[in-house]
2 protein chains.
Amino acid sequence: MVDQPAALWFSGAMSNDLDTVFAAIADPTRRSILAMLLEDDMAVTDVAEPFDMSLAAISKHLVILTKAGLISQEKRGRVKWCKLEPDAMRAASVWMQGFGQFEPVNLDAFERFLETELAPPDER
Amino acid sequence: MVDQPAALWFSGAMSNDLDTVFAAIADPTRRSILAMLLEDDMAVTDVAEPFDMSLAAISKHLVILTKAGLISQEKRGRVKWCKLEPDAMRAASVWMQGFGQFEPVNLDAFERFLETELAPPDER
DNA sequence: AGGTTGGTCAACCATTTGGTTGAATATGCG
DNA sequence: CGCATATTCAACCAAATGGTTGACCAACCT
């Protein structure tokens with residue numbers, strides 16, 4: 001069972017989701033988690049590994065990301081897999097784009113960005 | 001300077017600015033303020049007018065937006081003018097774009113968004 | 001000078017946030 | 001079965017957030 005049914009994302013509930021999404025990505029730990037999941041799906045324990053905080057804390061962060069729709073979690077056996085759900089960022093992205101025409105993403109720059117800024121903390 | 005930045009945006013100082021920017025726009029009041037300033041520069045009192053909260057509260061919100069670089073404030077005479085600074089959202093936007101190829105801005109969608117989500121509270 | 005307007009400051013308050021620990025619940029394994 | 005592993009739950013805590021009020025300062029207008 002995926003905790004976050006896809007159909008719900010686009011119905012009325014979408015409005016205040018901007019709150020939830022922006023609040024979720026305002027935290028550096030959670031941004032790092034998202035960056036990690038960009039490369040691959042991960043189990044909760046593996047997500048937690050590079051961070052200097054308890055598993056329970058990471059578990060809470062994952063709940064917040066899930067409620068924001070930014071990831072989904074599926075339990076297979078005793079491990080719960082976390083999967084990035086990039087679509088959830090679309091509405092937020094659209095909102096931001098309204099404030100200026102940002103040039104199309106420079107992938108080189110983005111990659112450097114990932115390295116210096118978004119990598120899990122043990123790499124900084 | 002709008003076009004220079006790639007190198008600058010991604011180097012050190014930029015890091016915690018993502019925190020600040022995302023935290024700033026996570027608040028609906030502040031998003032409304034930004035939307036209002038999208039149309040025109042405004043004095044603090046005028047910004048506050050449509051909201052059901054004290055001037056001091058709005059003043060605090062404006063400080064937060066200023067610290068995030070999302071607006072600037074200039075005092076002329078006794079009135080302090082607030083001006084949108086859209087560039088501050090660029091790094092944040094780039095970060096988000098990394099999570100999916102969002103189609104180039106859909107203006108219709110954005111306009112609907114403005115109406116339902118970003119209009120000052122007296123219009124909702 | 002004296003009063004009004006624009007805005008911030010300071011102290012305070014309730015709620016939320018991000019973390020901790022220890023116990024609890026599943027699930028898998030020998 | 002009995003134990004280890006994966007994850008969450010519950011209670012707690014300190015700090016940050018979003019708001020209030022009342023005093024305050026600065027600038028403009030007679």
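Note that the structure is predicted; figures quoted are calculated from it, not measured. Within every chain, numbering begins at 1; the chains are lettered A, B, ... in the order of the sequence lines, protein sequences first and strands thereafter.
- Between the CD1 atom of I25(B) and the P atom of dG18(D) there is a distance of 13 Å, given to the nearest Å.
- Note on A43(A): only backbone sugar-phosphate atoms sit closer than 4.0 angstrom, heavy atoms only; bases stay farther off.
- Rounded to whole Å, the distance from NE2 on H61(B) to C1' on dT8(C) is 15 Å.
- Residues V79(B) and L65(B) fall into different hydrophobic clusters, defined by Ile, Leu, Val, Met, Phe, Trp and Tyr side chains chained together at heavy-atom separations under 4.5 Å.
- In this structure, M53(B) atom CE and dC13(C) atom C1' are separated by 16 Å, rounded to whole Å.
- Residue contacts for A56(B): at a heavy-atom cut-off of 4.0 Å it reaches a base atom on one of the strands shown.
- Taking the six-membered ring for Trp and thresholds of 30 and 60 degrees, F22(B) and F22(A) have nearly parallel ring planes, at less than 30 degrees apart.
- Checking side-chain atoms of S32(B) against main-chain N and O of P28(B) turns up a donor-acceptor pair under 3.5 Å.
- Counting to the nearest Å, the P atom of dT20(C) and the CD1 atom of I58(A) are 9 Å from each other.
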Side chain to side chain contact (heavy atoms under 4.5 Å, CB included) between I25(A) and R30(A), worked out
CA-CA 6 Å; I25(A) 62 185; R30(A) 288 190 295 259; over 6 Å; no
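- Within 4.0 Å (heavy atoms only), R76(A) reaches no atom of the nucleic acid at all.
- Note: CD (E74(A)) to P (dA6(D)) measures 18 Å, nearest angstrom.
- None of L38(A), V47(A), I64(A), L70(A) except one satisfies the side-chain contact (heavy atoms from CB on, under 4.5 Å) rule with I33(A); the exception is V47(A).
- Within the model, atoms CG of L37(A) and SG of C82(A) stand 6.0 Å from one another, a figure rounded to the nearest 0.5 Å.
- Interatomic distance, CE of M96(B) versus OG of S93(A), reported as 4.0 Å (0.5 Å rounding).
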Could you write out each protein N or O paired with an N or O of nucleotides 23-26 of chain D at a distance under 3.5 Å?
none

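- At least one side-chain nitrogen or oxygen of S59(A) sits closer than 4.0 Å to the OP1 or OP2 atom of dT8(D).
- Atom CD1 of I64(A) is separated from atom C1' of dT17(C) by 8 Å (rounded to the nearest Å).
- Comparing dA11(C), dT20(C), dG6(C) by their nearest atom to the side chain of V79(B) picks out dG6(C).
- Atom C1' of nucleotide dT5(D) and atom CD of E49(A) are separated by 16 Å, given to the nearest angstrom.
- Among dG18(C), dG18(D), dT8(D), the nucleotide with an atom closest to any side-chain atom of K80(A) is dT8(D).
- When the P atom of dT8(D) is taken as reference, atom CG of L65(A) falls 12 Å away, rounded to whole Å.
- Residue S54(B) has a polar side-chain atom (N or O) positioned under 4.0 Å from OP1 or OP2 of dT20(D).
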